[in-house]
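One structure below.
Bear in mind the structure is a predicted one, so any value in this text is a computation, not a measurement. Values reported hereafter were calculated over all heavy atoms of this structure, with side chains retained and with hydrogens, waters and symmetry mates removed.
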Amino acid sequence: MRPIYFPSQKLGLSGGTTMLCDPPVRSRRRAQNAVRFLVAILIAIFLDGGSAAAEVVGRSPRVLILHPYDEWLPASAIAGANARARLQEATAGKIDLFSEYLDQARFPERAHIDRMARSMADKYVDRRPDVVIALGESATRFIVEHREAIAPDAKIVFGGFGRDSVSKLNLPVGVVGAFSEFDITKTLELASALQPDAENLFIIGGSAAFDRTWLANARRDLADAAKDYETTYLEGLAIDEFAERASRFPADSIVLFLTILADGTGRNFLSKDALAIVAAKASAPIYGPYDTYIGQGVVGGNSVTFESLGNAVAGLALDALAGKPITDIEVPQTFFADARQLKRWDLSESALPAGTALSFKQPDIWQQYRRLVLGIIAVVALQAAVITGLLVERRRRFAAEGESRQRLLELVHMNQSATAGALSASIAHELNQPLGAIRSNAEAAEAILNGKNPDLNLIQQILADIRDDDQRAGDIILRLRGMLKKRGEVDWQEFDLNEVVDSAINILHAEAAKKQVAVSAQQSGRRLPVRADKVHLQQVILNLATNAMDAMVEAATADRKLVLHTTLHGDTKVEMSISDTGRGIPKDRLNSIFDAFYTTKPTGTGLGLSIARSIVETYGGKIWADNRAGGGAVFRFVLPLAQAA
Ligand code: ADP
């Protein structure tokens, strides 16, 4: 265990180490400070407005922090700042804090030191400190020597060096310290954990007295551990020689960099700068006992941090102010490592001793992009859910559409059967005509053949008539069969709407004749191609036409006129209208006449118009009803013109 903290001014430690503080450490410290602050507030509340330390006989306690050098030395600056923060927090600000910078590195002369002492004795004549915190060996020596003049009743708390130095200082009883013991074996412990297979151990030290002390201490402390390695001490070299040797380290080497405050040629350095020169050339990982070496090329090490030193001396000062008995304490040591160097030398982070403070750790891809990745996953999941929902919905819609198509087919078939039934009497009557003619012609032919010299030409003509009548009867039966045939699927085809009008008239004309209705067709001269099921559209026309004939029952026979009209409707549609001279439609019924089950007929079903509308809409069309100006109703429907047109 070697005491090395604030190097003595004799060693020319204007080259004090610089503290490097990585963001995680800083934020951790902030968090710790926040916690301490809270604790301080709670203590303040529970102790009725302030801790025991916060008041010394009716006033705020006074603490003087003595810095050995100027305000720019990171070691004492960081320790002092941490001590101040802790004191402020613990007393909820009810404390008078003073700082003095002895500047002993630049002004080591006795006369200066005495002048400083006199000046401070005068300065604090009316505000004698209750506690003096001395950071480093030389500041401790100073206050112990000048205690009577500056702060005769003060308790003295020191920190920043090891127990070995205490004997040299000849401290009076009651002066208490937070000892910073540097343990180079612990730095080696971290190195060997990272490099368990290392064979070589190099220890680098400079030529300044301070460096030589370090080297001597390392030789003593590492004596045991060095037996496990091929150990080489590199000392007394010029900086370039150090760098050159470093470039030839075998890969399986552990390198311990102690301090180089001066090289073999007497050139002075800040240790961290000398380290940076050596580390730049090194062919093996370098470790060191100061956390301020982080960022200069060391992989890691073990050290007492300046922050923890500051906290420790402040803790002692608070106890002293509170009148508690205080004794020497050890400032905790910390393992530290640089993640970038671990990566550079391919060393495993998991091999680091537990609790190692790791600097410059790059967040891994997951940590870096976690929010983004989670966001993307959420969006993708949402999209997947929406797509699944839409697919399910689409499937349901298809199923529902299939279902309703099937229902429509069944309904249309029922409707066709009903129409065929309603027209059956007139169809049978119509069929009777060709059958009767066939019979008469057959009888006539028979009579001719029984006579003398039968006229074969006449017979031939009669047979031709019979064949025509048979054809007519066959056509009627075919149309009837077409209406009655049940189909499981919509028979999509492209056809001329006029053709369907013709076939509907053929089916209807017997019934029209029976009801003494004059049927006429006003067809567009051009083809009106539509894409649909022919039989379905024929059924629409039959429904509208039979309704029209029913509506004209009460009209005078001469006025019963049914007109079927087809035409182009704009460029993309065809229109068909069926008008009659019947009783017309009550105005308030014009919109609801297509509703199912609306009927004014004693034996009506009220389904004809509703089925007609379903069919027209199935093929992308529209149907509506109107009253004609001259009396009677007109039903119109439009359908999309087939693309082939
Ligand atoms: P149904 O013929 O069985 O009554 P529809 O749905 O075909 O069923 O017709 C519904 C009702 O619409 C008919 O009962 C009738 O009152 C009225 N209607 C249909 N067409 C006409 C028309 N051309 N003129 C007057 N009223 C009509």
task = Assess whether side-chain contact (heavy atoms from CB on, under 4.5 Å) is satisfied between Leu544 and Phe637, documenting all intermediate values.
result = CA-CA 11 Å; Leu544 298 178; Phe637 65 84; 4.1 Å; yes
Does [X] have more than 12 heavy atoms from other residues, nucleotides or ligands lying within 6.0 Å of its [atom1]?
X: Tyr598; atom1: OH; answer: yes
X: Glu410; atom1: CD; answer: yes
X: Arg344; atom1: CZ; answer: yes
X: His429; atom1: NE2; answer: no
X: Asp588; atom1: CG; answer: yes

inquiry  = Cation-pi check for Phe594 against Arg613: NZ or CZ below 6.0 Å from the six-membered ring centre and within 45 degrees of the axis, yes or no?
reply    = no
Cation over ring face, Arg531 and Tyr619, 6.0 Å, 45° = no
Using a 4.5 Å cut-off on heavy atoms from C-beta on, say whether the side chain of [Y] contacts that of [X].
X: Val530; Y: Val574; value: yes
X: Asn506; Y: Arg479; value: yes
X: Leu528; Y: Thr567; value: no
X: Leu391; Y: Arg394; value: yes
X: Ser303; Y: Thr334; value: no
X: Pro285; Y: Leu347; value: yes
X: Ile578; Y: Val634; value: no
X: Met576; Y: Phe635; value: no

Short side-chain donor-acceptor distance under 3.5 Å, [Y] and [X]:
X: Glu446; Y: Asn450; result: no
X: Ser579; Y: Ser577; result: no
X: Ser404; Y: Arg407; result: no
X: Gln523; Y: Asp502; result: yes
X: Thr419; Y: Gln539; result: yes

Atom [atom1] of [X] and atom [atom2] of [Y]: how far apart are they, to the nearest 0.5 Å?
X: Ile477; Y: Leu484; atom1: CD1; atom2: CG; value: 12.0 Å
X: Leu641; Y: Asp571; atom1: CG; atom2: CG; value: 9.0 Å
X: Asn432; Y: Ser426; atom1: CG; atom2: OG; value: 11.5 Å
X: Ile294; Y: Asp338; atom1: CD1; atom2: CG; value: 4.5 Å
X: Ile593; Y: Thr600; atom1: CD1; atom2: OG1; value: 7.5 Å
X: Gln460; Y: Asp465; atom1: CD; atom2: CG; value: 11.5 Å

So that I can tick it off, tell me whether [Y] and [X] are bridged by a salt bridge, with the cut-off set at under 4.0 angstrom between side-chain N and carboxylate O.
X: Glu617; Y: Lys622; value: no
X: Arg439; Y: Glu443; value: yes
X: Glu89; Y: Arg86; value: no
X: Glu499; Y: Lys534; value: yes
X: Arg472; Y: Glu430; value: no
X: Asp580; Y: Arg560; value: no

Using atom types as modelled and distance alone, determine if a side-chain donor or acceptor of [X] lies under 3.5 Å from a backbone N or O of [Y].
X: Asn82; Y: Ile78; answer: yes
X: Thr356; Y: Leu358; answer: no
X: Ser524; Y: Arg526; answer: yes
X: Thr581; Y: Lys561; answer: yes
X: Ser614; Y: Ser610; answer: yes
X: Asn627; Y: Ala633; answer: no
X: Ser253; Y: Phe249; answer: no
X: Ser247; Y: Lys281; answer: no
X: Asp491; Y: Val535; answer: no
X: Ser192; Y: Gln195; answer: no

inquiry  = What verdict does the salt bridge (charged side-chain N to carboxylate O under 4.0 Å, His left out) test give for Arg397 and Glu393, after you've listed the backbone C-alpha separation in whole Å, the side-chain angles of each residue and the deciding distance to 0.1 Å?
reply    = CA-CA 6 Å; Arg397 212 185 65 222; Glu393 190 51 44; over 6 Å; no
inquiry  = side-chain contact (heavy atoms from CB on, under 4.5 Å), that's the test. Do Thr305 and Asp291 meet it? Break it down for me.
reply    = CA-CA 7 Å; Thr305 64; Asp291 64 341; 3.3 Å; yes
ask   = Could you walk me through whether Arg636 and Glu575 pass the salt bridge (charged side-chain N to carboxylate O under 4.0 Å, His left out) check?
value = CA-CA 7 Å; Arg636 289 194 171 83; Glu575 182 184 308; 3.2 Å; yes
query = Could you go step by step and tell me if Tyr287 and Leu194 meet the side-chain contact (heavy atoms from CB on, under 4.5 Å) rule?
reply = CA-CA 11 Å; Tyr287 304 83; Leu194 289 169; 3.9 Å; yes
inquiry  = Can you give me the closest heavy-atom contact between Pro332 and Ser308, atom names plus distance?
reply    = O-OG, 3.9 Å
query = After noting the C-alpha distance and the side-chain angles of Asp550 and Lys601, does the key distance pass the salt bridge (charged side-chain N to carboxylate O under 4.0 Å, His left out) rule?
reply = CA-CA 9 Å; Asp550 288 346; Lys601 301 171 194 169; 3.0 Å; yes
request  = Please report the C-alpha distance between Lys343 and Glu349 in whole Å, then the side-chain angles of each, then the deciding distance to 0.1 Å, and finally whether the salt bridge (charged side-chain N to carboxylate O under 4.0 Å, His left out) criterion is met.
outcome  = CA-CA 9 Å; Lys343 204 168 166 195; Glu349 188 186 317; over 6 Å; no
